[in-house]
Engineer: 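Quick one: structure below, then a few questions.
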Amino acid sequence: MIARPDELPGATAAASLQLLKQHSPLIHCLTNDVVQTLTANVLLALGASPAMVIEPSEAAQFSRLADGVLINIGTLTAARAESMLAAVEAANQAATPWVLDPVAVGGLTFRTEFAHRLLALRPAAIRGNASEIMALSGLQASGRGVDSTADSLAALPAAQQLAQRSGAVVAVTGATDYITDGRRSWAVSGGDPLMTRVVGTGCALSAAVAAFCSLPGERLDHVAAACRVMAHCGAVASRQAGGPGSFTPAFLDALYHWQGEA
């Protein structure tokens, strides 16, 4: 049996959120075409500043200016891969933290090979569902497109192994999120099943992880804080919403108003 880590304290998440609002980091998002609007709005609601620059020469230039970079391979193309590599290489040169969201890795050859190429470039954090994290770690996993058919706790050993090998903080998300640096781990419960009926909530979480990764201090705690903020506000929005159509505005309002109190 896999031991469940301790729950992230609310005070820790609150401190990270307040730090984010003070710093208002600029986050360069090379993300998938389906979720760009929600991703930008989530970052703005949290107090960060989003930008989406995908031309390769500009992507490299902008990564040097940004406080954090998100690489999401959801709608990957050869041209987009070129931009992502340029952005990552520039981010590494500037010591800018970047986050990998390995969408649907393991099921398709091109994106799986590209995700492993990115992994060798040392992301600061990796955020994926259980199937994606297990596949990226090299373990057998099952998934259906972007959906996971594996349990997040079952994927925790794979996440720990991946964190140790890559040097990244790894967040494996699901009904409960587990966040690890390979030595220490946090659990984050909450959220609501309605969040899985709105496209882009997971991708937006990865953007939030990039924003929190840019903060000074303990990166493991900051990444777990991003998960807790999104889960809490998702639960608040789900109680107020009548369904997926009214969830998004309620979610953005919850992110904007919440101050991080436990």
Side-chain angles (χ1 to χ4, degrees), residues 7-8 10 13-14 17 20-21 27 29 31-50 52 70 72-75 99 101-105 107 127-133 141-155 171-179 187-212 223-262:
E7 189 82 13
L8 179 77
L17 180 59
L20 179 76
K21 292 180 182 297
I27 307 303
C29 301
T31 191
N32 75 68
D33 296 335
V34 181
V35 304
Q36 290 189 12
T37 298
L38 179 62
T39 296
N41 284 334
V42 163
L43 287 173
L44 286 168
L46 285 169
S49 296
M52 281 75 171
L70 168 65
N72 174 307
I73 64 172
T75 51
V99 172
D101 186 337
V103 179
V105 72
R127 200 294 308 173
N129 64 37
S131 294
E132 291 162 349
I133 295 303
S142 57
R144 186 182 62 182
V146 299
D147 298 326
S148 177
T149 55
D151 176 77
S152 54
L153 183 58
V172 53
T173 54
T176 298
D177 301 337
Y178 298 100
I179 305 93
V188 172
S189 56
D192 190 273
L194 183 58
M195 297 177 74
T196 67
R197 297 302 180 199
V198 177
V199 68
T201 53
C203 296
L205 170 57
S206 295
V209 167
F212 278 80
V223 173
C227 294
R228 182 179 172 94
V229 169
M230 294 287 279
H232 173 85
C233 292
V236 170
S238 295
R239 291 194 294 269
Q240 298 172 352
S246 53
F247 173 84
T248 297
F251 184 46
L252 294 174
D253 286 349
L255 290 168
Y256 179 76
H257 288 294
W258 195 46
Q259 297 300 310
E261 61 272 11

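Note that the numbering runs from 1 along the sequence shown for the chain. FYI, side chains are in, hydrogens and waters are out, and symmetry mates aren't considered; it's all heavy atoms of this structure.
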Engineer: Could you report the tightest heavy-atom contact between Val42 and Leu252, atom names first, then the distance?
Structural biologist: N-CD2, 3.8 Å
Engineer: Is there side-chain contact between Leu255 and Met230, with at least one heavy-atom pair below 4.5 Å?
Structural biologist: yes
Engineer: Determine whether Cys227 and Leu205 make a side-chain contact, defined as any pair of heavy atoms from C-beta on separated by less than 4.5 Å.
Structural biologist: yes
Engineer: What's the spacing between Asp177 CG and Leu153 CG if we round to 0.5 Å?
Structural biologist: 12.0 Å
Engineer: Within the side chain of Ser152, is there an N or O that forms a donor-acceptor pair under 3.5 Å with the backbone of Thr176?
Structural biologist: yes
Engineer: Do you know the tightest heavy-atom contact between Leu43 and Pro50?
Structural biologist: CD1-CB, 3.7 Å
Engineer: Of all residues at least two apart in sequence or in a different chain, which pass the side chain to side chain donor-acceptor pair (under 3.5 Å) check with Gln240?
Structural biologist: none
Engineer: What is the distance from atom CD of Glu132 to atom OG1 of Thr173, rounded to the nearest 0.5 Å?
Structural biologist: 7.5 Å
Engineer: Return the CG to CZ distance between Asp192 and Phe251, rounded to the nearest 0.5 Å.
Structural biologist: 11.5 Å
Engineer: Between Ala237 and Ala250, which heavy-atom pair has the shortest distance, and what is it?
Structural biologist: CB-C, 3.6 Å
Engineer: To the nearest 0.5 Å, how far apart are CG in Leu17 and CZ in Arg228?
Structural biologist: 11.0 Å
Engineer: Can you pull the salt bridge (charged side-chain N to carboxylate O under 4.0 Å, His left out) pairs that have at least one residue in residues 31-47, sequence neighbours excluded?
Structural biologist: Asp33-Arg80
Engineer: Compare every heavy atom of Ser238 with every heavy atom of Met195, then report the nearest pair and how far apart it is.
Structural biologist: CG-OG, 4.5 Å
Engineer: Could you please spell out the steps behind the side chain to side chain contact (heavy atoms under 4.5 Å, CB included) verdict for His257 and Val236?
Structural biologist: CA-CA 11 Å; His257 288 294; Val236 170; over 6 Å; no
Engineer: Scan residues 196-211 for pairs that pass side chain to side chain donor-acceptor pair (under 3.5 Å), counting only residues two or more places apart or in two chains.
Structural biologist: Asp101-Ser206, Arg127-Ser206
Engineer: What distance do Asn41 atom CG and Thr248 atom OG1 have between them, rounded to the nearest 0.5 Å?
Structural biologist: 9.5 Å
Engineer: List the atom of Ala207, the atom of Ile27, and the distance in Å for their closest heavy-atom pair.
Structural biologist: O-CG2, 4.4 Å
Engineer: Kindly give the heavy-atom pair with the smallest separation between Trp258 and Lys21, and that separation in Å.
Structural biologist: O-CE, 3.9 Å
